[in-house]
There are 2 protein chains.
Amino acid sequence: MAEKASRRAGDRGGDPLEALVGRVREAGGRMTAHRREVLAALAERHHWSAEALTEAIQARVPDIAASTVYRNLEELERLGLVVHSHLGHGPATYQLASGAHGHLVCEACGADFEADESLFAGLAAEAERRHGFEIRPYHFAVLGYCAACRAEAPGR
Amino acid sequence: MAEKASRRAGDRGGDPLEALVGRVREAGGRMTAHRREVLAALAERHHWSAEALTEAIQARVPDIAASTVYRNLEELERLGLVVHSHLGHGPATYQLASGAHGHLVCEACGADFEADESLFAGLAAEAERRHGFEIRPYHFAVLGYCAACRAEAPGR
DNA sequence: GTGCTTGCAAACGTTTTGCAGACTC
DNA sequence: GAGTCTGCAAAACGTTTGCAAGCAC
């Protein structure tokens, strides 16, 4: 569960981590070892809750404080590198802005379907037309019932 | 701000409060004075946060405990009379199930547009077709930017 | 050297819980 | 009378803050 600690994390397709580091510097942010760990963890998977992210990083870097993770997420979000989503009743989840996408979350079983942006095209157009409103579909989950749960409790 | 306390609240179309009381009893719930106050307040307006609802009821019935309001909301939701929505980053808001509707909430200024169900018709159809997913559009707010805020900060 | 970043610990605001007593049915 | 509902107080939960020391630039 500790892997090879503090190596280049997130190995898929080039090295997105270094690109992120560059963007932090461009935006005037400093690059500390702990901030790098936060970025590395975010590059590894989607949908980290702040708490899970903290635990995952502490497995590699035991002396990182939870408040540091929270402050980094806040700062990275201000810099535009990170966005958060609300996937239902639990805490917010964080992801790299480059991987932002919408969600369908089942209220019964908690299943989480990543939604293609095109799913929201109609809603986006209607909201714009009727209200002049520009939606950001990745910032919220669309709650409802998944196919499996609907089959189990058809008359909900 | 205190109106005429403990009168029939929510006067549109008959007496919805008594209908609600009846539904609680049908569902096996008991009707206490405090539960009636919760229902009456919910019938008066939409989008109560639990805290605001508690304060409003305490203005009439000073000895009602906050935990009683929370437990009533939970119970009424289980009975299907009440639903809650997440309108952004703040606490959840509660409303009578009969008045449930979707929302567009501006991330910049917090403005809240009540959304006609038809706004979600396209999304509902697509989610159903692609994922077999049945959305519940009133349970979440669609976040984004309203027309006024877009005009102020066009290049967001 | 400047000032952003950090750990620690405490505070925060909202919601949940345990319990004994009060109430509805 | 049986079982639900209640107030009170304390705990839980996830997150934020103040401070002094540490580090990037």
Side-chain angles (χ1 to χ4, degrees), chain A residues 6 18 20-41 47-58 60-79 81-94, chain B residues 18 20-41 47-79 81-94:
Chain A
S6 59
E18 289 312 315
L20 291 166
V21 168
R23 290 191 55 192
V24 170
R25 288 211 170 92
E26 281 167 30
R30 295 188 177 175
M31 184 48 52
T32 65
H34 287 174
R35 181 162 294 170
R36 186 180 289 265
E37 288 293 337
V38 172
L39 285 170
H47 303 331
W48 289 102
S49 70
E51 207 178 5
L53 185 63
T54 301
E55 280 173 25
I57 298 175
Q58 283 176 336
R60 306 176 181 173
V61 187
D63 61 333
I64 191 171
S67 58
T68 297
V69 176
Y70 280 99
R71 281 190 276 224
N72 269 290
L73 288 172
E74 187 184 4
E75 178 66 7
L76 291 169
E77 190 153 24
R78 181 156 42 232
L79 297 179
L81 298 176
V82 166
V83 296
H84 70 267
S85 310
H86 299 280
L87 260 50
H89 289 170
T93 62
Y94 291 84
Chain B
E18 288 311 315
L20 291 168
V21 168
R23 290 192 54 194
V24 171
R25 289 212 169 91
E26 281 167 28
R30 294 184 177 178
M31 185 47 52
T32 65
H34 287 174
R35 180 161 294 171
R36 186 181 289 264
E37 288 293 337
V38 172
L39 286 170
H47 304 331
W48 289 102
S49 71
E51 205 179 6
L53 186 63
T54 301
E55 280 172 25
I57 297 174
Q58 284 176 336
R60 305 176 179 173
V61 187
D63 61 334
I64 191 172
S67 58
T68 297
V69 175
Y70 280 98
R71 282 190 274 225
N72 269 290
L73 287 173
E74 186 185 2
E75 178 68 8
L76 291 170
E77 189 152 24
R78 180 159 40 235
L79 296 180
L81 298 177
V82 167
V83 296
H84 70 267
S85 310
H86 299 279
L87 260 49
H89 290 172
T93 62
Y94 291 82

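Each chain gets a letter, A, B and so on, in the order its sequence line appears, and its residues count up from 1.
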Grab the [atom1]-[atom2] distance between [X] and [N] for me, whole Å please.
| X | N | atom1 | atom2 | result |
| --- | --- | --- | --- | --- |
| B:E55 | C:dT15 | CD | P | 12 Å |
| A:D63 | C:dC8 | CG | P | 7 Å |
| B:E77 | C:dT15 | CD | P | 12 Å |
| A:E26 | D:dC25 | CD | C1' | 16 Å |
| A:H89 | D:dA12 | NE2 | P | 23 Å |
| B:R36 | C:dC23 | CZ | P | 17 Å |
| A:E75 | C:dG3 | CD | C1' | 13 Å |
| A:R25 | C:dT5 | CZ | C1' | 14 Å |

Side chain to side chain donor-acceptor pair (under 3.5 Å) with [X]: which residues, sequence neighbours excluded?
| X | result |
| --- | --- |
| A:S67 | A:R71 |
| B:H34 | none |
| B:R25 | none |
| A:E74 | none |

Of B:A65 and A:T32, whose closest DNA chain D nucleotide lies nearer the 5' terminus? B:A65
Whether B:R23 and B:E26 form a salt bridge (side-chain N of Lys/Arg under 4.0 Å from carboxylate O of Asp/Glu) is what I want to check. no
Just by protein heavy atoms under 4.0 Å, how would nucleotides 15-22 of chain D read 5' to 3' in B, S and -? SBBB----
According to side chain to side chain contact (heavy atoms under 4.5 Å, CB included), who are the partners of B:A27, at least two apart in sequence or on a separate chain? B:L79
